[in-house]
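Below, chain A is the first sequence line, B the second, and so on; all start at residue 1.
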Amino acid sequence: MWALLIRDLRLAVRAGGGFGLGLAFFLLVAVLVPLGVGPEGDVLGRIAPGILWVGALLACLLSLDRIFALDFEDGSLDLLTTSPIPLEGVVAVKALAHWVVTGLPLTLAAPVLGVLLNLPVGGYGWLVLSLLLGTPALSVIGAFGAALVVGVKRGGLLLSLLVLPLYVPTLIFGAEVVSRGAAGQAASVPLLLLAGITLGAAALLPFAAAAAIRINLR
Amino acid sequence: MDLSVSGLAVARGGIAVLEGVRFRLMAGRALVLRGPNGIGKTTLLRTLAGLQPPLAGEMSMPAESLAYAAHADGLKAVLTVAENLAFWAAVNGTATAEAAMTAMNLQELRDRRAAHLSAGQKRRLGLARVLVTGRPIWVLDEPTVSLDAASVALFAGVVRAHLAAGGSALMATHIDLGLAEAEVLDLTPFKARAPVAGGRMGAFDEAFG
């Protein structure tokens, strides 16, 4: 499984791997929103948590269909299915690789982009913490969605439609953590719910995704 | 290490293609599957590899004993030959990547990216992947596609060595590999009846596939 993680990370950073795609998208959102909304500092500060979370979520969505589609096209997925690694493990590792390539850089870049959106000073710690806890859920739920559309030509659009509703709770609680934190209120309840979503998704969805892949490979 | 199959029926796209297939492959033996295009060779091999369930019948083989190689080699274009093989060796928990590269004459190409290989070279790499699985029963779908005569002979030698070491091989191929000891099974007699003639339909959920 370690080998699979290393391979996926290596593929992501080599030419055409898509590393940085999500990050660039996130940057664009954070740069363009202030230009569109206007320079009022308090308006920007109020919408900053939501914008940052929506930006991170959409950036995550960009690279989801690559999780399994590339391996399906070149036959690797068939071979991984017949390999000694359990398919559930394959799904979990590929979701982890997706998170390392997209979720983690987004989390690290978010404070810098928070400056562009005039995020109140108290919110930065909560922003990083909420993204750190919430983006793994985005990757795992996304891997499940990608498993559902494996083998579907141009499945990216279908994938977005399937996955977006599942992303809503993560978005609501994630943005809530940041806005409460930025306003100086207690943010532990949405934070715990966010962590709960991530843990629940990471525990259950690899099994569902593996079942979906088995059906799609027939 | 025997692979035995009896009364096996397999379906593709919700329609049975083969039924009543029976054979037994013992250690040290090779079996070549023949039959016209569309008879269901690939479907049969995928079923044996566990990628799809059989419609009916029995398959018995030791657990985790099958190495499956399909038309697609599962190579990553941006990884080198050595990296591709090392990955599959690590997945299978073996350390035979070097030996496999030597056996399939890939040492000269080891630092070349898979994207820059010719079709035949890719195929040799795909077959080297079967070697690094370290599994005894090889299930190979058209293993010699795009190989030149010298490579076919090389591959036949590799198969012979595998058989001599107690392994076995099940291959769907049209090319004569020069393996005199291989038995041939023609699948034409096992062709499934059409559904209108009372043949079997696929499972319920396959209708949506």
Q) Are the side chain of B:R24 and the backbone N or O of B:S4 linked by a donor-acceptor pair below 3.5 Å? A) no

Q.
So which residue, A:I6, A:L70, A:L80, A:L77, ends up with the most heavy-atom pairs under 4.5 Å with chain B?
A. A:L80

**Q.** Atom group of A:D71 that falls short of 4.5 Å from chain B, counting heavy atoms
**A.** both

(Q) Quick check on B:L51 against chain A: is it the side chain, the backbone, both or neither that has a heavy atom closer than 4.5 Å? (A) both

Q) In terms of heavy-atom proximity below 4.5 Å to chain A, should B:N92 be classed as side chain, backbone, both, or neither? A) both

Q. Cut-off 3.5 Å, side chains only: do B:W138 and B:S168 have a donor facing an acceptor?
A. no

(Q) Does A:R214 have more than 12 heavy atoms from other residues, nucleotides or ligands lying within 6.0 Å of its CZ? (A) yes

Q.
Tell me if a side-chain donor or acceptor on A:R10 pairs with a main-chain N or O of B:V78 at a distance below 3.5 Å.
A. no

